[in-house]
Amino acid sequence: MCGRYVMARALGDLVADAGAVEPKESLELRESWNVAPTADVPIVLERTEGDQPVREIHVARWGLVPPWAKDVSVGSRTFNARSETVTEKPTFRAAVKARRCAVPVDGYYEWLKPGPGAPKSAKKRPFYIRPQDGRPIYFAGLYEWWKDGSLTEDDPGRWLLSCTILTGPSPEADSGDDTLDQLHGLHDRLPLPMDRETMDSWLEPQKLASAEAAGHLVDQVREQANGTASAWVLDEVGTAVGNVRNNGPELIEPIV
DNA sequence: CCAGACGTTGTT
DNA sequence: GTCTGG
DNA sequence: CCAGACGTTGTT
DNA sequence: GTCTGG
């Protein structure tokens, strides 16, 4: 799964790597080595301008807030969406048909739980997972718009953009690939990364936003995920990342 | 009909 | 134990 | 995801 | 908004 990650890349690098247009307004983006749910994060989306798709970077709150929510608090538990059920769940099914995005990360954290035979004193051990080549990972994601209901004379209400990251099953054991085997041992869920071709399909705004078409795209994402994940590297890191108030490049330094 | 949920993870 | 906040 | 709180009344 | 449970 993915509940904490790193996005410390300069916006210009991200724009170039994602093939997005230069943002018209400056985005409120800060580098972070400890991105947690509810944080503002960059996302990549395509919208149709005239009849041309335009790829853009936007800033969204991590944790999808559906349009009918009474407040944003639901977003603190919707930072992941299970790919197996995303087309059915009331919270996600509208977004998966029409509001797909990519969530770029430099790498993400995963906590290894002590096994059942471990001593009582054993603690969770954080690992940092990143691509070998240093380019961003683009996780399959969804975005949604939510209108703040607090209407006053001066404030007609604001629109909040929010997002979530899709997960799938982790690679099977004994895959024959070292990295996939390590991912298997670390956790039973995997945030779903996209290769370039899949990302192009995923982001493309569909004319008929049917549930069936969305289901096929989700299947495609799940099927190619391990191919992308096999080019990752895992390193154990210090426990400081657990506290969201800690932030800095030292959080991703491998220990021992 | 209305009221209340709408989610993920992991653990037992 | 469970929920909220970051 | 983890860390940290988890409550009320009344008084300063 | 839409579905489920009562």
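Residue numbering restarts at 1 for every chain, and letters A, B, ... go by the order of the sequence lines. Everything quoted here is computed from the prediction, not taken from an experiment.
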Touch class at under 4.0 angstrom, heavy-atom based, for A:Ser73 against every strand present: nothing

Salt bridge (Lys or Arg N to Asp or Glu O under 4.0 Å) contacts touching residues 238-256 of chain A (sequence neighbours left out): none

Rounded distance in Å between the C1' positions of B:dC2 and C:dG6: 37 Å

Protein-nucleotide distance (A:Phe127, atom CZ; D:dC1, atom C1'), rounded to Å: 15 Å

With A:Tyr138 via ring-ring contact (aromatic ring centres under 6.0 Å, His included) - residues at least two apart: none

Side chain to side chain donor-acceptor pair (under 3.5 Å) partners for A:Thr78, two or more places apart: none

A:Asp178 atom CG, over 12 foreign heavy atoms within 6.0 Å: no

Sugar-phosphate only, base, or nothing, as touched by A:Thr91 at under 4.0 Å among non-hydrogen atoms: sugar-phosphate

Nearest-Å distance once atom P is located in both D:dA3 and B:dT11: 15 Å

Whole-Å distance separating the CD atom of A:Glu144 from the P atom of E:dT2: 13 Å

Interatomic distance at P, D:dT8 relative to C:dG1, whole Å: 23 Å

Partner set under side chain to side chain donor-acceptor pair (under 3.5 Å) for A:Glu56, not counting sequence neighbours: A:Arg47, A:His58

Contacts of A:Asp133 that satisfy side chain to side chain contact (heavy atoms under 4.5 Å, CB included) - sequence neighbours left out: A:Pro131, A:Arg135

DNA chain C base-pair string [pairs: Watson-Crick or G-U under 3.5 Å; |: paired with another strand]: ||||||

Spacing of A:Asn80 atom CG relative to D:dC1 atom P, expressed in whole Å: 8 Å

Sugar-phosphate only, base, or nothing, as touched by A:Asn34 at under 4.0 Å among non-hydrogen atoms: nothing

Protein-nucleotide distance (A:Arg99, atom CZ; E:dG1, atom P), rounded to Å: 13 Å

Euclidean distance, atom NZ of residue A:Lys97 to atom P of E:dG1 [Å, nearest integer]: 15 Å

Inter-nucleotide P distance (D:dT9, C:dC3), Å rounded: 23 Å

Qualifying salt bridge (Lys or Arg N to Asp or Glu O under 4.0 Å) pairs, either residue in residues 224-237 of chain A, two or more places apart: A:Arg125-A:Glu236, A:Arg130-A:Asp235

Separation of B:dT9 P from A:Glu110 CD (nearest whole Å): 10 Å

d(NZ, A:Lys70; P, E:dG1) in whole Å: 12 Å

Exceeds 12 heavy-atom contacts within 6.0 angstrom, atom CD1 of A:Ile255: yes

Salt bridge (charged side-chain N to carboxylate O under 4.0 Å, His left out) assessment of A:Arg9 paired with A:Asp106: CA-CA 7 Å; A:Arg9 194 170 295 262; A:Asp106 291 343; 2.9 Å; yes

Atom pair distance, as rounded to whole Å: CG in A:Asp188 and P in B:dT8: 14 Å

Sugar-phosphate, base or nothing in reach of A:Phe79, heavy atoms under 4.0 Å: base

All N/O contacts under 3.5 Å from nucleotides 3-6 of chain E to the protein, with atom names and distances to one decimal?
none

Residues forming a side chain to side chain donor-acceptor pair (under 3.5 Å) with A:Ser162, sequence neighbours excluded: none

Aromatic contact, A:Tyr128 with A:Trp33 (centres under 6.0 Å): no

For A:Asp177, all residues meeting side chain to side chain donor-acceptor pair (under 3.5 Å), sequence neighbours excluded: none

A:Arg189 side-chain N/O to B:dT9 phosphate OP1/OP2 under 4.0 Å: yes

Partners passing side chain to side chain contact (heavy atoms under 4.5 Å, CB included) against A:Ser73 (at least two apart in sequence or in another chain): A:Asp71

Euclidean distance for P, C:dG5 against D:dG7 (whole angstrom): 12 Å

Under 4.0 Å protein heavy-atom contact, by nucleotide of nucleotides 2-7 of chain D - B base, S sugar-phosphate only: BSS---

